[in-house]
Every structure is written in C-alpha cells, then in structure tokens.
Student: 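Quick one: the structure is below, and I'll ask about it shortly.
Note: hydrogens, waters and symmetry copies are ignored here, and every other heavy atom, side chains too, is used.
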Amino acid sequence: MLSIFTLFGFYALLAFGLGIIFGQLGVVNVAHGEFAMVGAFLMYAMAGIPFWPRLLVVVLLGLALGVITERLVLSRLYARGFLATLLAMWGVGIVLRQGADAVFGSTPASVAAPMSGTFDVLGVQYPVYRLVITVIALAVVGSGLLLLFRSNLGMRIRATVDNRTMASLLGIPPTLMITGTFAAGTGFAVLAGALQSPMLGVTPGVGVSFLAPAFFAVLIGRPGSLPGSIFGALIVAILSTLLRTYLNETVAQLILFALLIILIAVRPNGLSWRKPQWKIAPAVPATRHGAPA
C-alpha cells in the first residue's frame, strides 16, 4: 500500500506536467522523461549544495530549460501541426540524452538522500524520505490544480489555450502564457526527477522508463483533463506495483509498455469516463395504409 502511495506521488507529478503540455498546448512531449532525467543529473552534479536549496535551484533551472525549449524550438512549429512538434521534441530528447552521456557517462550515478531512518506505519517500517517526497509531490500537484482552476492566472492560461486571438484582444499576452505553460510542465518533470534521484541509479537512459507511465496516466484520464491525469497516475501506480510484486522488473515493464500500445491503438484519444446517456427513442406516429396519420 505504501509503495503504491509513493509511486502515485511520482507518477502524479510526471503526469500533471505532461498533461499541461499535452492537453493544454497540444504538444506530444516525448522528451518529458529526459526532462526528468535532467532533474536527477542536476541533483547529482550540484552535490556540494545542501539538498533542499539544491532542489530549489534545480527547479529554477528546469523552468529556464522549458522557456529555452519553447522559444527556440516549439514557437516556430505550432502552425506546422502535431507531427512537427512531436518530431522536434523527439530530437530534443535525443540531444538531452546524448548530452548527459557525454558529460556524465553511462555509469549509474547516485544522489544521497537528505534524511535517513524509517517510519512505522501500521507495523510496517518505511523510509521517511519516501513519505516526505510523496507528500511534497502531491502538495505541488494540488497547488497546481488550484492555480489553474481557482485563480485569475489560471483563467488567463485557459483562455489563451482556448482562443489565442480573443485572449490577445482582451489584453492577455498569448506568447507569455504559452511559454509559461510549457515551462511549468517542464518544471514539474524536472522536480519529479530531482525528488526521485536518491532512489535511482541515475543514467542517461533513465528517462525512457518514465515516459510510458506518464503517457499511460494521461490517456487513462483523457487528454485535456488534468484531474483525470492524476486519477490515471493512481491507476498506473496500482498496476505497476502489482506487476512488480508478482513479476520481475523487465517483464513488468514489458507488460506496461504493451498495455500502453494497446490503449493507444484502441483509444488514441484516451478513455472517456462519462456515464452513458440512455435516451428513449421517440414514438413512431401511427400510420394508415402506409401513410403518416
């Protein structure tokens, strides 16, 4: 149960960031896992700074990375459609992965956790750090949802996504809103990787394993629905935990990827959780000798 809780916090942060970019901007960010990998490697690279200040610096760098990526790459491609942005982000992911390999090599790097010890939960000893980062992740996601749906800034962002021309006429700067939205989604991914780094052997390829669960969560929750992405993250956390309980890591990952492929093939627009509306067909007027009454 606690393993599900911890994994849920991590996946929720990843899925929320991906959902903002995918659902709000229409960009399939296949570099999302690499952004998380960058967060983990930055925590490793700045090991001389105390953990929590280092985490803040890493998030700020993640936001800057998002701004640079959106301005230099994506801003030129929105008009060219879905495929152009997908391929561009695929290229960004390759650059980040190869860059990390050139700088840090392929040997797994380790990051020291800021706290040790265990916490007794219903007779089960569980690492304190895992519980702390799960609470942080869920608090960040909750704050993000409140900001988007219960604040003036969130209303401006959603107005820009819905109709950029109208938002511009109302005095909302579309460029700023779009860049800020992408930067925020990137920041969530970098934060997820940074928080998870003490529990990982950090390698340039580690982000690949993060991407499938995040997309799975977004598709389960239906693209465009941020609360749905969080629900999807819970489903994926439960599924991943069950698979890893009864199967080894490789087989569990294989099944998860296979399920994602099947879901994309069957429901490329995600699942719909609306209740079916049963309508009674109108009565057919009585006829007389084959003609309407």
Student: For residues Leu138 and Phe8, determine if any side-chain heavy atom of one lies less than 4.5 Å from a side-chain heavy atom of the other.
Tutor: yes

Student: Does atom OH of Tyr78 have more than 12 heavy-atom neighbours, drawn from other residues, nucleotides or ligands, at distances under 6.0 Å?
Tutor: yes

Student: So, Tyr129 versus Ser116: side-chain donor-acceptor pair below 3.5 Å or not?
Tutor: no

Student: Please tell me if the side chains of Asn29 and Phe22 come closer than 4.5 Å, counting only heavy atoms from C-beta onward.
Tutor: no

Student: Could you tell me if the side chain of Met89 sits less than 4.5 Å from the side chain of Val28, heavy atoms only?
Tutor: no

Student: Provide the closest heavy-atom pair for Ala183 versus Leu63 in the form atom of the first, atom of the second, distance.
Tutor: O-CD2, 3.3 Å

Student: Applying the side-chain contact (heavy atoms from CB on, under 4.5 Å) criterion to Thr241, which one of Ile238, Leu243, Thr245, Leu239 satisfies it?
Tutor: Thr245

Student: Show the nearest heavy-atom pair for residues Ala15 and Ala233, with the distance to one decimal.
Tutor: CB-CB, 4.4 Å

Student: Any idea which heavy atoms bring Thr134 and Gly9 closest together, and the distance?
Tutor: CG2-CA, 4.2 Å

Student: Please examine the side chains of Phe188 and Val140, heavy atoms only from C-beta on, and report whether any two atoms are closer than 4.5 Å.
Tutor: yes

Student: For Gly205 versus Arg97, what's the shortest heavy-atom pair and its separation?
Tutor: CA-CD, 4.3 Å

Student: Answer whether the closest heavy-atom distance between the side chains of Thr6 and Tyr126 falls below 4.5 Å.
Tutor: yes

Student: How about Phe10 and Phe210: are their ring centres within less than 6.0 Å of each other?
Tutor: yes

Student: Glu34 and side-chain contact (heavy atoms from CB on, under 4.5 Å): which partner among Val208, Ile94, Val92?
Tutor: Val208

Student: Is there side-chain contact between Met177 and Leu153, with heavy atoms separated by less than 4.5 Å?
Tutor: yes

Student: How long is the span from the CZ atom in Phe16 to the CD1 atom in Ile230, to the nearest 0.5 Å?
Tutor: 6.0 Å

